[in-house]
Amino acid sequence: MSNNTTTAETAAQPHSTILIIGGGAAGMAAAIAARRSAKASGQPCSITILERNFRSGTKIRISGGGKCNVTHRGTPAELLEQGFLRRNEARFLRHALYSFSNSDLLALLGSRGVETEERPDGKVFPLSGDAVTVARAFEELLQESKVEQYYSCRVRRVERKGELFVVTTAVTTADKVFTADRLILATGGVSWSKIGTTGDGLAIARAFGHTITKPSAALAPLFTLKAPPASLSGLALRSITLVATAGGRSVERRGDLLFTHRGFSGPAALSLSRDVAELMGESGNCSLFADLFAQQSSAELEAELLKQARKSGTQMVRKFLQGCPIAPHKGSFCVASHGTIPTALVPFIMRHAGLENEVTWSGLAREKRLSLLSVLKRFPLGSVRDVPLDQGEISAGGVSLGEVNPKTMASRVVPHLFFCGELLDYAGEIGGFNLQAAFSTGWVAGVHAAKAEQ
Ligand SMILES: Cc1cc2nc3c(=O)[nH]c(=O)nc-3n(C[C@H](O)[C@H](O)[C@H](O)COP(=O)(O)OP(=O)(O)OC[C@H]3O[C@@H](n4cnc5c(N)ncnc54)[C@H](O)[C@@H]3O)c2cc1C
């Protein structure tokens, strides 16, 4: 254990200028930024992190399947547009993403020898292919920043006594009390609760009078009432449009879709899960469909099917479907730009369209061709049973953005209280956007907590 890493049981009751609850991406960035800001202004500043896990950066270590998709390529404006689809959330994050951008993050990692690589889809990963290198870099930066760190130290209660925050923690044998002039809440969301994110910070914020938007699932798999047939489990559909409908409302997302033994996952399902969870909350049910030819309108696809029927009357329709590219370039069936309809799916397409297995184009009546068209544009995937909150890569909801100053991350309700990271009411897309948002909001909170007047 390092010099400035302490167990709560052995330390005397400590007072800090800035106390940070949560040693994840946001909390660590806040601590490092606070030290740099205090140093620049020449102000004495003691900084402490309290973390309930036995070490920092637990989620960083498991992120991106252990490879850590640490951020995304592009300008801050591009990140905001691609990564945060709800405009109020993008607006809230704007200042933070400009203040501490992806380039700033990569420079910080670079200063600890962590090189990164950009994938063709814009995702950025450490070159090592190992998330631990990112977590270690932050550990080193915390050491270098002389941040007091307490692990296995869960905060139970925070009170305001005069100008002080009084923080009570549970350690293995007894409660321990910390005091601070300024407090940064960085306790994360509520998914993956088994690794420490159980919403403690939300309860603390609520007790201080903050409005909490009820947490809900995001970037989570979709479980259906009837599981997909076992023969389809593990199957991927490339670049389709996943559509969810309920109560006359409809939401959709373009991307790859993965069949699982309980329903659906993959980028399209994960990205749509927040909307689906909301539709389920409003209507109690939600139906899923896949547009297998998202790039073509029904009229264009109908023209293509007709052309095929005229050209290859003796060809079996199922044979055609087996080689048929999904999302081909406009007006062409020839170029498999995004993959073909998986062979295993073809019998289900035929069945849903009411086509016999051996039917040829010339034997296909007009209404059957239209039925096929309708299934290709709206392949039924079943009704949603659940969008499991705990299995989401993130959770939506949290501390209401209207009560937090986006330029400082300071509470508009309680002086000297700051928020950062996933506990705020925003949710990013897959692609490194959530870690970047946690680092950026953490950085801004740290800078301004260090600047806050005594
Ligand atoms: C499996 C998985 C994979 C992911 N992959 C990616 C990815 O590749 N790219 C990406 O951008 N995002 C990814 N994410 C999302 C990303 O990890 C989070 O959005 C990000 O880590 C949030 O940072 P945070 O600091 O706000 O919260 P967290 O990282 O969750 O940190 C909060 C910390 O607060 C601590 N804490 C909570 N309550 C208390 C308390 N009472 N007392 C003391 N400490 C407390 C927790 O133990 C935790 O360590 C992934 C998430 C998961 C679950």
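Position 1 is the first residue of the sequence, and the numbers go up from there. It should be emphasised that the depicted structure is a prediction, and the values quoted were computed from it without experimental measurement. One-based numbering, in listed order, for ligands and for the atoms of each.
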Against heavy atoms of [X], which atoms of ligand 1 measure under 4.0 Å?
X    : answer
G432 : 9 (N), 10 (C), 11 (O)
I394 : 15 (C), 19 (O)
E422 : 18 (C), 19 (O), 20 (C), 22 (C), 26 (O)
D200 : 38 (N), 40 (C), 41 (N)
G24  : 25 (O), 29 (O), 31 (O), 33 (C)

- [ ] With salt bridge (charged side-chain N to carboxylate O under 4.0 Å, His left out) as the test, would you mind laying out the steps for R61 and E139 before giving the verdict?
- [x] CA-CA 12 Å; R61 291 168 200 270; E139 273 173 6; 2.5 Å; yes
Are [X] and [Y] side-chain neighbours, meaning at least one heavy-atom pair lies under 4.5 Å?
X    : Y    : value
D256 : L258 : no
Q436 : L105 : yes
N102 : R73  : no
P126 : L109 : no

TODO: Could you grab the distance from atom CG of L381 to atom CZ of F289, nearest 0.5 Å is fine?
DONE: 8.0 Å
- [ ] Have a look at Q436, E429, E393 and point out the one with the heavy atom closest to atom 13 (C) of ligand 1.
- [x] E393
- [ ] Closest by any non-hydrogen atom to atom 7 (C) of ligand 1: pick that one out of G431, G64, G201, A30.
- [x] G64
If you measure every N or O of [X] against every N or O of ligand 1, does any of those distances drop under 3.5 Å?
X    : result
V155 : yes
W192 : no
R52  : yes
L435 : yes
C68  : no
T197 : no
T58  : no
N69  : yes

Task: Part of C153 within contact of ligand 1 (heavy atoms, under 4.0 Å) - done: backbone
Open item on the list: Please work out, at 4.0 Å between heavy atoms, whether the side chain, the backbone, both, or neither of A26 comes within that distance of ligand 1.
Closed with: both
Task: Result of checking N53, D200, T169 against R154 for side-chain hydrogen bond (donor to acceptor under 3.5 Å, both in side chains) - done: D200
Task: Cation-pi check, R119 onto F125 ring (under 6.0 Å, within 45° of axis) - done: yes
Should the pair [X] and [Y] be assigned to parallel (<30°), tilted (30 to 60°) or perpendicular (>60°) ring geometry?
X    : Y    : result
Y426 : F84  : perpendicular
F379 : H352 : perpendicular
W443 : F100 : parallel

Could you establish whether [X] and ligand 1 come within less than 4.0 Å of each other, counting only heavy atoms on the residue side?
X    : result
A186 : yes
I21  : yes
G442 : no

- [ ] Using side-chain contact (heavy atoms from CB on, under 4.5 Å) as the criterion, point out the one residue from T17, I184, I20 that pairs with I47.
- [x] I20
